[in-house]
Amino acid sequence: PYSSADKGWLRYEKRQDLPCLSTIVRHSSASGEAAESAIRELRYAILQMTGNEPELIATANLSETAAHGPHIQLAMVTAEDLPEALQTKELSQHLGEEGFALRSLPQEEGEAVYIIGKTEKGLLYGTFHLLRLLQSEGQTLPQLDIIENPKNPLRMMNHWDNMDGSIERGYAGRSIFFKDNQFVQNDERIRDYARMMASIGINGISINNVNVHKVETKLITSEFLPDVAKVAGIFRAYGIKLFLSVNYASPIQLGGLETADPLDERVGAWWKTKAEEIYDAIPDFGGFVVKADSEHRPGPFTYGRTHADGSNMLAEALEPYGGIVIWRCFVYNCLQDWRDRTTDRARAAYDHFKPLDGQFKDNVILQIKNGPMDFQVREGVSPLLGAMPNTNQILEFQITQEYTGQQRHLCYLIPQWKEILDFDTYAKGAKSEIKKVVSGELYPYAHSGISAVINVGDDENWTGHTLAQANLYGYGRLTWNPDLSEQQITSEWIHQTFGNDHDVVEQVSSMLAASWGIYESYTSPLGVGWMVNPEHHYGPNVDGYEYSVWGTYHFADCDGIGVNRTVKDGTGYTGQYFPENAERYESLVTCPDKLLLFFHHVPYTHKLHSGSTVIQHIYDTHFAGVEGVENLIQQWSSLEGKIDAKRYAGVMARLEHQHKHSKEWRDIINTYFYRKSGIADEQNRTIY
Ligand code: GCW
């Protein structure tokens, strides 16, 4: 039933050390589509790993079968046929709607591992977790006593797929959903995709680009709803709700109205009828993702209305069905004037949305990019996160590597995301980290969680760069539990993807761990960002956006570089943070080196905390970055023969490209700043 694509981390390779697990016992309570998916996965995975497909039996038949030995039992926590040892208060109280328990229990018939859920989704997540454990190093049937609940209620993926099959900012081939303005006919790939997503706990997926063009606007019409419903059905069996990005101007484009004014009654009525039609086709439809008044997309501003007016109107239409509106805060003026030093794109989201706190309906969630700019290699954390106690928030990451090497360069993003999640906003005093804002722990949000722009396409290996699968995997695991360590996530991924060979685990972990730092060092020093070619955003171009209306400036001249965002005499952006952070960033003494040029304009001779000057830092890191890539190549080549030839060669080819390209970055950046500053490299290395 599975597609011929690369199996990612669901390879389930043969393991010598596994017990035979000849039986799966299904309690009658463990029923439903998602429970079926769990059982199918268990049988398939155990067959792959041990060579024997376990027999599936009902509890009633247990005593008659040959299930004498280790076996697996699936049951709901409320089931009366659970053994007494499992009918505990602890279990029933601690298990959330999506949570699971894994318990080993010696029984007459042999050692049993119980997978217990409160809902069938719990059974599904418990199954994937058990399979993960069985594949980690040296595991036989462990003594299990685990209860887990996801920390984030919403764990979403956003596709930027267009119906012609192209993917905005996609670097791994064409869409797995759409082709030639239709849905793809063969849905094997979508099924595999749903399995992969469920295995890392994803529970919501929007399938089309937030820039909703002409054909995609019709996804919510009778022309395409039957196809959308089919995909929703595939997702449903894996515990995933389908969402659509919608065009704010749909009442005009589809409804023949001359306005999309949120306060015009006809507009509200149109959306209500539309919602009814959608829920008729897909009763568990998740809701809408909306990019409005952003980068030339239509929105409430056209009618002099606020984003609260705009989103609430949509939310009202979805409310009777439990649907939600995910409203993006990526709203900024993309036509700027370099002479006007008071406008600062970094300020935009906060300036637009903070004043509206408390005005949004309960089923609206504001989706906020992790940084105030746009998924740069490094930027500050968005000060809007945590700043709206009375408005639901969801954090947006970018797995697709738009500004981080486009899946041709290796750039492991888990360390970046962990830094962001662990960032203390001080919203309610110390320990008000971003992870607590978005999990709903800090404020009593009705909805919250984490969302990300996904990096998959129809490339055989899903992500272009095989090692970019680690970002996809790690994202899911982090949204399930942001407290998992980077090492834990990396190790899980490698064991499942490449097996248990010690050298492989060691080298790949170390490559991944170093990669973000390496990429940062030959691209964007000290938080400066944006030195890329306009439009496609690949490769070095220091002034690519400096003399353009998009207004993403670094202000480099012959005296210095960086954006003065201080309250004292800059754009005032630092003042959007809570005082502890505002003060830290405002002062040159306390601002961390890594973000120096994001917050301050300084001379090239400015001395960093590291002891180096800004200009020498630029030279040093750019030389070091290329050496870093050389190390990656060496590490990878030490694994030749330990990784199958195809994946080995695929990764090697990308590393070689990265090497060449990193030299281009180094030379262009170094030369630019040498000529601007006139200051030579202390070590006299070649600068062109
Ligand atoms: O990062 C920028 C991208 C656009 C994208 C936009 C957004 C979908 O360059 O391609 O549009 O962000 O997040 O809406």
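Quick caveat, the model's predicted, so the values are computed rather than measured. Counting starts at 1 for both ligands and their atoms, following the listed order. In this chain, numbering begins with 1 at the start of the sequence shown.
- Summary of contacts: the protein heavy atom closest to atom 3 (C) of ligand 1 is E402 OE2, 3.4 Å.
- Side chains of N247 and Q253 form a contact here, defined as non-hydrogen atoms less than 4.5 Å apart.
- An N or O contact shorter than 3.5 Å links N211 to ligand 1 by distance.
- The ring of Y412 has its center no closer than 6.0 angstrom to the ring center of W493.
- Aromatic pair H409/Y522: ring centres closer than 6.0 Å.
- Ring centroids of H159 and F178 are separated by 6.0 Å or more, keeping the two rings apart.
- Each of the atoms 9 (O) of ligand 1 lies under 4.0 Å from some heavy atom of H537.
- Short contacts between ligand 1 and D374, defined as distances under 4.0 Å to a heavy atom of the residue, involve ligand atoms 1 (O), 2 (C), 12 (O).
- Neither the backbone nor the side chain of V453 comes within 4.0 Å of ligand 1, counting heavy atoms alone.
- Inclusion of Q398 in the set of residues having an N or O under 3.5 Å from an N or O of ligand 1 is not warranted.
- With F555 as the aromatic partner, R341 meets the cation-pi criteria of under 6.0 angstrom to the ring centre and within 45 degrees of the ring axis.
- Proximity to F330 (heavy-atom distance under 4.0 Å) selects the following atoms of ligand 1: 6 (C), 7 (C), 12 (O), 13 (O), 14 (O).
- Looking at N203 and K241, their side chains never bring a donor and an acceptor atom within 3.5 Å of each other.
- For the 3.5 Å distance criterion, the side chains of Y672 and D543 qualify, holding a donor opposite an acceptor.
- Atoms of ligand 1 found under 4.0 Å from any heavy atom of K369, numbered from 1 in the order shown, are 1 (O), 2 (C), 6 (C), 7 (C), 12 (O), 13 (O).
- If you check which protein heavy atom lies closest to atom 14 (O) of ligand 1, you get K291 NZ, 2.6 Å.
- Nearest to atom 10 (O) of ligand 1 among the protein's heavy atoms is E168 OE2, 2.4 Å.
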